[in-house]
Amino acid sequence: MQWITIYKKEWLEILRNYEWIWVPLVFILFCIIDPLSTYYLPLIIEATGGLPEGAVFDLPTPPPSEAFMMSISQLNTLGVLVLALITMGSISGEKKSGVAELVLVKPVSYLSYLTAKWAAASTLLILSAAIGLIASWYYVQLLFGDLPFTAVAAAIFFYSLWILFLTSISLFMNAWSRIPGLVLFFTLAALMIMSLVTSVFSKYLAWSPARLSSYLRSLLITGDVPADLWYTSLVTAAMTLLLLYAGTKRLKKSSMLS
């Protein structure tokens, strides 16, 4: 009951801030901009004056799976930034204003408080990403060729695990700081460090969450879920739960110290 009440409160804030409108629209823009610009690039160049005399512009048309992966790449950059901006004040802002202490004084568990906020933010972000990727799939079908929706649906499902993981990182950072700006910095820094370490030690970190998106390419091409994607998904889910648990412990400790 506590959990549902906090979840409803978070969604009321989402409705009041019109996030349920502008976040999906932003994700749609992120997802369709690369496929559209790639397809219409020759026309864009011609409309802006064309190439110098004698120059030849030959850009091969990417297959549907690669065109769709462009959208996922955009979500992994600009989409992650939006995620971090939306969630950076989820707990830290309430800790700074004193609202968190007022809520937690009541018989509300720290686990319910943190996970309800995580679930509300994740719901918004997953739905927004799904809408954006479905919009991308529509244009990919229209411009580049057939891409089975079953493969796209599977890709959205596995990408949702990545969103859950990212949101758990942000909420974990929220539990450590009262300053939303620092939460944003630490969240992005953690992601950059994880990506860098995964790249350097790729031989030993084949199932790192940072590699989850890269395995979606094989899924889109073959229509089958590669074994590495299953293992990476399990590791990602386990790390998500671990971050939520650690965030709850940290939130409880910081509340006792304040």
Side-chain angles (χ1 to χ4, degrees), residues 2-7 9-10 76 79-126 158-201 204-213 230-258:
Q2 297 173 351
W3 192 93
I4 295 175
T5 301
I6 298 173
Y7 182 86
K9 169 188 167 294
E10 291 301 307
N76 281 341
V80 167
L81 179 59
V82 171
L83 182 151
L85 287 169
I86 288 175
T87 57
M88 67 179 186
S90 294
I91 296 175
S92 61
E94 291 191 355
K95 288 170 68 177
K96 187 175 182 180
S97 63
V99 173
E101 284 77 5
L102 291 175
V103 173
L104 293 170
V105 163
K106 302 175 183 179
V108 175
S109 70
Y110 292 91
L111 181 63
S112 295
Y113 178 73
L114 187 139
T115 56
K117 285 180 170 291
W118 168 79
S122 297
T123 301
L124 172 67
L125 292 162
I126 288 173
F158 285 105
Y159 193 77
S160 297
L161 296 176
W162 173 242
I163 293 176
L164 293 174
F165 175 69
L166 295 177
T167 309
S168 68
I169 292 177
S170 181
L171 269 291
F172 174 76
M173 297 302 177
N174 267 268
W176 278 85
S177 176
R178 293 175 178 267
I179 305 173
L182 283 179
V183 173
L184 175 64
F185 172 78
F186 288 134
T187 300
L188 296 178
L191 292 174
M192 291 176 63
I193 292 171
M194 182 179 65
S195 297
L196 179 62
V197 171
T198 299
S199 297
V200 173
F201 301 101
Y204 306 100
L205 298 174
W207 300 339
S208 167
R211 302 196 65 177
L212 190 146
S213 297
W230 282 117
Y231 295 135
T232 305
S233 298
L234 290 174
V235 171
T236 302
M239 291 186 67
T240 298
L241 295 175
L242 181 62
L243 283 166
L244 292 174
Y245 174 78
T248 301
K249 291 295 184 183
R250 173 58 193 176
L251 183 62
K252 184 176 182 179
K253 183 177 180 180
S254 64
S255 297
M256 292 174 66
L257 293 175
S258 60

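These numbers come from the heavy atoms of this one structure, side chains and all, not from hydrogens, waters or symmetry mates. Just so it is clear, the model here is predicted, and its values are computed rather than measured.
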*If you count the non-hydrogen atoms of other residues, nucleotides and ligands that lie under 6.0 Å from OH in Tyr7, is the total more than 12?*
yes

*Who passes ring pair (Phe, Tyr, Trp, His ring centres under 6.0 Å) against Phe186, sequence neighbours left out?*
none

*Other residues, nucleotides, ligands: >12 heavy atoms within 6.0 Å of Lys9 NZ*: yes

*Check Ser177 against Leu182 and note the closest heavy-atom contact, atom names and distance.*
OG-CB, 3.8 Å

_Worked check of side chain to side chain contact (heavy atoms under 4.5 Å, CB included) between Leu164 and Trp118_ = CA-CA 8 Å; Leu164 293 174; Trp118 168 79; 3.6 Å; yes

*Got a second to check how far Leu244's CG is from Met239's CE, nearest 0.5 Å?*
12.0 Å

*Less than 4.5 Å apart, any side-chain heavy atom of Ile179 and any of Ser92?*
no

*Looking only at heavy atoms, what is the nearest atom pair of Glu10 and Ala120, with distance?*
CB-CB, 3.4 Å

*Taking all non-hydrogen atoms of both residues, which atom of Gly247 and which atom of Ala175 are closest, and how far apart?*
O-CB, 3.4 Å

*Minimum-distance pair of heavy atoms, taken over all atoms of Thr232 and Ala206*: OG1-O, 3.7 Å

*Mind listing the closest non-hydrogen atom pair of Leu83 and Thr87 along with its distance?*
O-OG1, 2.8 Å

*Report yes or no: do Thr248 and Tyr113 form a side-chain donor-acceptor pair below 3.5 Å?*
no

*With rounding to the nearest 0.5 Å, note down the distance linking CG in Leu212 to OG in Ser233.*
4.5 Å

_Going by side-chain contact (heavy atoms from CB on, under 4.5 Å), Ser208 matches just one of Val197, Val235, Thr198. Which one?_
Thr198

*Give, for atom CZ of Arg250 and atom CH2 of Trp176, the distance between the pair rounded to the nearest 0.5 Å.*
4.5 Å

_Matching residue for Phe165 among Ile169, Thr167, Leu161 - test: side-chain contact (heavy atoms from CB on, under 4.5 Å)_ = Ile169

*asked:* Within this structure, what is the CG-CG distance for the pair Leu171 and Leu243, rounded to the nearest 0.5 Å?
replied: 10.0 Å

_If we count only N and O atoms by modelled type, under 3.5 Å, do the side chains of Ser213 and Asn76 hold a donor and an acceptor together?_
yes

*Contacts of type side-chain hydrogen bond (donor to acceptor under 3.5 Å, both in side chains), residue Trp3, not counting sequence neighbours*: Thr115

*Do the non-hydrogen side-chain atoms of Lys117 and Ile91 ever get within less than 4.5 Å of each other?*
yes

*Under a 4.5 Å cut-off applied to non-hydrogen side-chain atoms, are Asn174 and Thr187 in contact?*
no

*Looking at CH2 of Trp162 and OH of Tyr159, how far apart are the two atoms once the value is rounded to the nearest 0.5 Å?*
7.5 Å

_Close side-chain approach of Thr236 to Phe158, heavy-atom, < 4.5 Å_ = no

*asked:* To check you understand the geometry: which heavy-atom pair defines the closest contact between Met88 and Leu184, and what is its length?
replied: SD-CB, 3.7 Å

